[in-house]
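Remarks on the structure that follows.
Below, chain A is the first sequence line, B the second, and so on; all start at residue 1. Computed from a predicted structure; not experimentally measured.
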There are 2 protein chains.
Amino acid sequence: MISYSFCPVCSNPLEKGHIDGRTRMFCRTCGWIHYRNPLPVAVAYAVNRKNELLVIRRAHEPAIHEWALPGGFLEEGEEPHEGCLRELMEETSLHGEVERLIGIYHRHVELYGSLLVVAYKVVVSDHEALVLNHEVSEGGFFSENNRPTINIPLHRHIIEENRRLENLSASSPGSML
Amino acid sequence: MISYSFCPVCSNPLEKGHIDGRTRMFCRTCGWIHYRNPLPVAVAYAVNRKNELLVIRRAHEPAIHEWALPGGFLEEGEEPHEGCLRELMEETSLHGEVERLIGIYHRHVELYGSLLVVAYKVVVSDHEALVLNHEVSEGGFFSENNRPTINIPLHRHIIEENRRLENLSASSPGSML
């Protein structure tokens with residue numbers, strides 16, 4: 001994770017100080033404070049009409065070469081579910097509709113530090129071809145028995161959480177959120 | 001919202017460029033790019049055992065002097081529900097337990113730009129005194145009929161969303177998430 005040494009507002013060197021309960025870098029000249037917040041990421045648990053899960057193989061860090069759920073950073077100005085669909089579309093050319101919010105989680109990665117991960121269940125349109133962009137080396141829809149192994153603990157957890165929510169919905173059909 | 005003019009890594013002036021689909025400031029010298037992501041905020045729909053809602057009056061921008069739900073920025077390294085309880089505790093000295101995730105929303109404010117707002121329902125411990133910090137000028141628990149008017153559209157929406165989720169739970173008791 002890159003650390004900041006200079007003030008991005010006035011270019012003077014930053015100093016360490018105890019501010020709002022934490023050690024933070026700040027600028028003595030103009031008063032700018034480097035608050036470090038989790039970076040928001042949206043992840044798609046995306047299925048086709050046969051309920052096969054879309055799994056992609058990452059072509060970049062973090063977790064390069066690992067099988068994963070598609071997703072990426074939210075941009076300024078977008079609703080989180082829109083960011084989820086945008087990332088899905090950019091990585092795979094697939095469009096979809098958000099069916100539900102699965103959950104929101106913290107994950108730490110070396111490269112970026114804290115991530116705030118928002119996970120949605122998405123149902124993708126049929127009749128669209130999967131076209132992978134440069135962020136992805138392989139990808140496809142897999143039934144549960146044929147799925148590549150997903151090693152990222154949070155992505156495994158999201159798959160489990162979705163299963164739990166679907167079981168709840170099945171036992172009380174009126175409750176789909 | 002403050003804009004950046006200098007590279008926080010090497011202090012050289014930033015330039016505008018078209019990067020990853022958007023206009024972004026970047027450093028030609030060291031390659032640093034200013035990605036702008038929504039700032040994550042946690043908000044508490046906090047009730048006591050009588051189901052009265054905790055509403056506070058904000059003593060700082062954005063929305064200074066407005067009645068609102070308590071909350072604040074998530075810090076690096078914390079789970080979002082933990083950040084929600086921490087903010088509640090800092091602003092009001094009250095401890096609580098998260099009962100459910102209500103939802104996640106985008107909000108734009110002049111001061112900070114994009115916020116990513118995570119809302120939780122929290123049940124606070126009884127027998128604790130409400131002690132407000134400097135961020136809050138008034139506060140208390142109010143029944144629905146006696147509540148001060150909340151003008152922040154997203155906070156009104158979160159209250160409505162919680163009502164909708166509680167009605168769903170009431171109609172199918174097995175579905176509480």
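A:I152 and A:V55 are not part of a single hydrophobic cluster, where members link through side-chain heavy atoms under 4.5 Å apart. In this structure, A:L39 is not a member of the same hydrophobic cluster as A:M25, with clusters built from ILVMFWY side-chain heavy atoms closer than 4.5 Å. By the criterion of side-chain heavy atoms lying less than 4.5 angstrom apart, applied directly or through intervening Ile, Leu, Val, Met, Phe, Trp or Tyr residues, B:I102 is grouped together with B:V47 in one hydrophobic cluster. Under the 4.5 Å side-chain heavy-atom criterion for Ile, Leu, Val, Met, Phe, Trp and Tyr, A:M1 and A:V117 are members of distinct hydrophobic clusters. Both A:V123 and A:V43 belong to a common hydrophobic cluster when Ile, Leu, Val, Met, Phe, Trp and Tyr are linked at side-chain heavy-atom distances under 4.5 angstrom.
Of all heavy-atom pairs spanning A:P38 and B:P40, the tightest one is O-CG, 3.2 Å. A:S3 approaches B:V9 most closely through the heavy-atom pair O-CG2, 4.3 Å.
Taking a 6.0 Å sphere around NE2 of A:H65, one finds it holds 12 or fewer heavy atoms contributed by other residues, nucleotides or ligands. Atom CD of A:E97 has 12 or fewer neighbouring heavy atoms from other residues, nucleotides or ligands inside a 6.0 Å radius.
In this structure, OH on A:Y4 lies 8.5 Å from SG on B:C7, to the nearest 0.5 angstrom. The OG atom of B:S11 lies 10.5 Å from the CG atom of A:L14; values are rounded to the nearest 0.5 Å. Going from atom CG of B:L116 over to atom CD1 of A:I104 covers 6.0 Å, rounded to the nearest 0.5 Å. Taken to the nearest 0.5 Å, the CG atom of A:N12 stands 9.0 Å off from the CZ atom of B:F6.
Side-chain contact between B:D20 and A:F73: absent, with no pair of heavy atoms (C-beta onward) separated by less than 4.5 Å.
Neither the backbone nor the side chain of A:Y112 comes within contact range of chain B, judged by heavy atoms closer than 4.5 Å. With a threshold of 4.5 angstrom between heavy atoms, B:R22 approaches chain A through side-chain atoms but not through N, CA, C or O.
Residues of residues 74-90 of chain A lying under 4.5 angstrom from chain B, judged on non-hydrogen atoms, are A:L74, A:E75, A:E76, A:G77, A:E78, A:E79, A:P80 in numerical order.
Contact count against chain A (heavy-atom pairs under 4.5 Å) is highest for B:R36 among B:R36, B:R107, B:H34.
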